[in-house]
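First comes the structure, then the notes that go with it.
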Amino acid sequence: MNTSVIVTGFGVTAPNGLGTRDYWSATLAGRSGIDRVSRFDAGRYPSRLAGEVSAFVAADHLPSRLLPQTDHMTRLALVAADLALADANVSSGDADSYGMGVVTASSAGGFEFGQRELQNLWRHGSRHVSAYQSFAWFYAVNTGQISIRHGMRGPSGVVVTDQAGGLDTVAQARRLIRKGTGLVLAGGVDGSICPWGWVAQMAGGRLSRCDDPRLAYLPFDARAAGHVPGEGGAILVLEDAEAAARRGAGPGYGEIAGYGTAFDPRPGSGGAPALPRAMELAVRDAGLSPGDIDVVFADGAAVPALDRIEADAITAMFGAGRVPVTVPKTMTGRLYAGGAALDLATALLCLRDGVIPPTINVTPEAAYGLDLVTRRPRTAPVRTALIVARGEGGFNSAMVVRRPDDE
Amino acid sequence: MSQESTATPRMTAEDLLGILRTCAGVADDIVLDEKALDTDFGSLGYDSIALLEVTANLERTFHVDLDDDAIKASDTPRDVISMINGR
């Protein structure tokens with residue numbers, strides 16, 4: 001018996017908007033949050049642009065008890081979770097605390113916090129290292145802090161699959177709900193815009209070295225030369241549709257209709273990329289065929305070989321130019337564990353308003369055969385969306401969301 | 001080395017309240033002032049890891065060696081002032 005699982009609320013912390021309203025209006029207007037790095041002096045590094053949540057003042061949102069013990073990205077995650085619960089009209093006392101779980105994605109943990117404490121260790125000695133370092137750096141820290149703040153003691157966990165994580169957490173939430181947990185917070189908020197995080201990302205070889213925010217991150221463009229990193233993401237409230245109806249939550253933003261994931265073959269083995277399989281599994285799991293999908297939110301690596309793999313997967317499934325494709329993360333940069341969660345929230349807004357947000361700055365390379373929505377948003381009857389996400393190291397995940405009145 | 005950095009300074013109530021604010025913040029429903037000096041740390045909203053952080057700060061600031069469990073949740077700020085100044 002497969003329970004229908006719906007999204008009843010979400011919270012967004014994005015470089016181009018804090019909170020859903022600001023983010024969505026910026027995204028439809030094509031307003032980017034990518035600019036020069038301000039969180040540290042990146043002047044002598046080869047990559048100098050980032051998508052930072054610039055308007056964020058943690059003390060305006062969180063109690064002072066939490067500030068000494070949290071990394072910047074954990075503070076963003078706590079605010080996203082607060083916004084999500086408010087959006088879903090859930091307050092912590094509403095349900096049995098063991099009936100609510102938390103599953104977040106992470107790529108690096110609290111790197112900026114960790115860098116500071118390692119510097120304290122190196123410069124001043126072990127007595128100068130914060131006791132909070134014991135957990136503040138850790139991959140699972142956002143799950144733990146959200147769980148403690150809202151008294152959510154149900155099944156919880158963390159998924160570490162880079163950019164695919166945002167979708168993988170929602171799939172895990174759906175599994176937990178189908179096993180009987182009433183409500184799960186899922187998604188990801190990430191970011192490690194500090195020297196230590198920066199050099200780790202540089203080592204991956206996929207960072208753009210362009211200094212022009214309008215030219216630095218151009219997926220599916222002939223000029224594509226890597227991505228701009230960003231911070232932020234989204235946290236979503238997932239519930240059993242029937243339980244949500246019983247508490248009067250309404251139909252929500254949409255149903256998590258399908259999910260698929262597949263791992264790439266060993267590099268150099270000559271095996272085919274696994275991305276098409278993840279996409280096929282997601283559409284099949286939703287009980288749909290490709291012709292039923294109204295829009296694709298692409299991963300958009302902006303590395304030519306990876307763009308080629310993704311474009312081929314899309315055209316193989318849908319036919320060349322047969323489905324609108326968009327990459328709104330051209331306005332935020334790639335948010336690692338937060339990226340696909342934000343794409344999922346964006347897709348739900350797209351379903352709600354019947355408007356596909358644009359991919360900015362990109363001139364599509366014709367050879368990819370994609371109907372890329374560029375420059376301005378496109379109005380369209382959108383009942384279903386396919387979200388595609390790839391994590392460095394071989395992770396491929398895809399998810400189908402369906403509008404609530406389309407079941 | 002100067003005289004000040006080697007001598008063990010006396011701790012005032014305001015010193016300790018400042019260290020608590022810096023190391024552990026203040027819970028939403030708590031007013032952390034002189035009236036809180038006789039309330040135990042648990043009731044003030046500080047858990048064991050917050051007290052560990054405070055302990056490390058006291059060691060650095062007042063040049064003392066303290067065990068990790070020198071401050072317990074059942075202690076009050078006034079107990080800590082007495083402990084530091086009594087050494």
Side-chain angles (χ1 to χ4, degrees), chain A residues 56-72 74-79 81-82 85-86 91-93 109-110 113-114 116-138 140-151 153, chain B residues 1 5-6 8-9 11 14-33 35-36 39-73 75-77 80 83-84 87:
Chain A
F56 182 69
V57 179
D60 292 347
H61 302 274
L62 297 170
S64 68
R65 271 295 274 120
L66 285 172
L67 299 182
Q69 57 179 280
T70 44
D71 183 83
H72 179 70
T74 298
R75 297 170 182 178
L76 289 169
L78 284 164
V79 171
D82 286 358
L85 289 167
S91 57
S92 304
F113 195 108
R116 191 180 65 224
E117 298 311 321
L118 284 174
Q119 285 172 319
N120 283 339
L121 176 64
W122 171 60
R123 286 190 183 138
H124 306 295
S126 60
R127 280 159 38 135
H128 293 257
V129 176
S130 167
Y132 301 122
Q133 169 71 356
S134 57
F135 59 78
W137 76 272
F138 191 52
V141 69
N142 291 358
T143 289
Q145 289 285 17
I146 292 168
S147 161
I148 292 166
R149 179 160 168 80
H150 298 288
R153 296 190 284 184
Chain B
M1 275 213 158
S5 66
T6 51
T8 302
M11 177 197 253
E14 200 40 57
D15 289 337
L16 179 58
L17 296 177
I19 287 169
L20 286 168
R21 287 189 198 100
T22 304
C23 293
V26 183
D28 278 342
D29 51 348
I30 297 292
V31 179
L32 194 65
D33 61 13
K35 294 192 198 96
T39 307
D40 67 82
F41 288 109
S43 301
L44 291 172
Y46 298 118
D47 54 20
S48 59
I49 197 147
L51 296 176
L52 194 58
E53 183 75 355
V54 169
T55 302
N57 188 301
L58 292 173
E59 288 188 303
R60 298 194 297 267
T61 308
F62 294 94
H63 312 294
V64 291
D65 282 318
L66 299 171
D67 291 336
D68 284 351
D69 59 355
I71 306 175
K72 297 173 187 62
D75 293 336
T76 67
V80 171
M83 175 179 75
I84 297 293
R87 291 175 85 94

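Side-chain atoms are counted along with the backbone in the values below, which use heavy atoms only and exclude waters and symmetry mates. A, B, ... follow the sequence lines: proteins, then strands. Residue 1 opens every chain.
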What are the sub-3.5 Å donor-acceptor pairs between chain B and chain A, distances to 0.1 Å?
residue	atom	partner	partner atom	Å
C23(B)	O	Y132(A)	OH	2.8
A24(B)	O	R65(A)	NH1	2.9
V26(B)	N	S64(A)	OG	2.6
V26(B)	O	S64(A)	OG	3.0
G45(B)	O	R65(A)	NE	2.9
G45(B)	O	R65(A)	NH2	3.0
E53(B)	OE1	S130(A)	OG	3.3
E53(B)	OE1	A131(A)	N	2.5
E53(B)	OE2	S130(A)	OG	3.2
R60(B)	NH1	R127(A)	O	2.7
D65(B)	OD1	R127(A)	NH1	2.8

**Choice from A24(B), A56(B), C23(B) maximising heavy atom contacts with chain A below 4.5 Å** =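 Sorted descending by pairs with chain A, the first entry is A24(B).
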
**Asked** What are the two closest heavy atoms between P68(A) and G25(B), and how far apart are they?
**Response**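 Minimum heavy-atom contact is CG-N, 3.9 Å.
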
**Prompt:** Does A136(A) have any side chain to side chain contact (heavy atoms under 4.5 Å, CB included) partners at least two apart in sequence or in another chain, and if so, which?
**Reply:**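 Scan of A136(A) (side chain to side chain contact (heavy atoms under 4.5 Å, CB included), adjacent residues dropped) gives F113(A).
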
